[in-house]
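Down below is the structure, laid out as structure tokens.
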Amino acid sequence: MNENQKAIIQSFVKESPFYSSITYSIFSIIETVFVLSKNSYPVPKNQVKDYFVKSVGKSGTWSAEKSKETATYIFSNYAIELDFLAIVDNEFFITPTGIQAILLLQLNRSIKLIENKS
């Protein structure tokens with residue numbers, strides 16, 4: 001992906017986190033690293049894998065260790081390719097772009113909650 005393509009996809013994902021299960025799962029892996037980074041930073045891959053699978057509600061579907069590993073690998077690679085996350089020695093870091101994306105996600109969730117209460 002070149003920088004222009006990356007910027008277009010980043011914008012789309014940030015502006016439409018609930019567009020599909022793919023966009024939401026990308027955000028979920030970023031949010032997983034964000035939440036877990038409050039306890040330890042960088043965040044070990046094994047912690048990310050377990051929390052991510054639970055956070056997307058796939059504990060039953062992705063119950064096998066191989067499927068948890070594969071799902072975490074796929075969605076973390078999407079997030080890394082879009083510069084939301086970085087990984088070094090099996091430990092995840094959240095990038096400034098990732099922090100911005102999480103703040104936008106939290107804002108969008110709040111807006112959805114307000115809209116649903118009206």
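Annotation: Phe75 is in aromatic contact with Tyr78 [ring centroid separation under 6.0 Å].
The closest side-chain heavy-atom distance from Glu69 to Lys45 is below 4.5 Å. With contacts defined as side-chain heavy-atom distances shorter than 4.5 Å, the pair Tyr41/Ile94 qualifies. The shortest side-chain heavy-atom distance between Phe34 and Gln106 falls under the 4.5 Å cut-off. Asn77 places a side-chain heavy atom less than 4.5 Å from the side chain of Ile80. For the pair Trp62 and Phe52, the minimum side-chain heavy-atom distance is below 4.5 Å.
Atoms OG and NZ, on Ser21 and Lys58 in that order, are 7.0 Å from each other to the nearest 0.5 Å. Here CG of Leu105 is found 12.0 Å from CD1 of Ile26. Values are rounded to the nearest 0.5 Å. Once rounded to the nearest 0.5 Å, the distance linking CG of Leu82 with NZ of Lys14 reads 10.0 Å. Once rounded to the nearest 0.5 Å, the distance linking CZ of Phe93 with CG of Leu85 reads 11.0 Å. With rounding to the nearest 0.5 angstrom, the CD atom of Gln100 is 8.5 Å from the CD atom of Gln10. Here the straight-line distance linking atom OG of Ser28 with atom OH of Tyr51 works out to 10.0 Å at 0.5 Å rounding.
Counting non-hydrogen atoms of neighbouring residues, nucleotides and ligands closer than 6.0 angstrom, the CZ atom of Phe12 exceeds 12 such neighbours. The local environment of OH in Tyr19 is sparse, with at most 12 non-hydrogen atoms from other residues, nucleotides or ligands closer than 6.0 Å.
Asn2 contributes a side-chain N or O that, together with a main-chain N or O of Asn4, makes up a donor-acceptor pair within less than 3.5 Å.
Minimum heavy-atom separation, Glu91 to Pro44: CG-CA, 4.2 Å. The two residues Ala79 and Ile30 make their nearest non-hydrogen contact at CB-CG1, 4.1 Å. Minimum interatomic distance between Leu36 and Gln47 (heavy atoms only, all atoms of both residues): CD1-O, 3.5 Å.
Salt bridge absent: Lys6 and Glu81 never bring a charged side-chain N and a carboxylate O closer than 4.0 Å.
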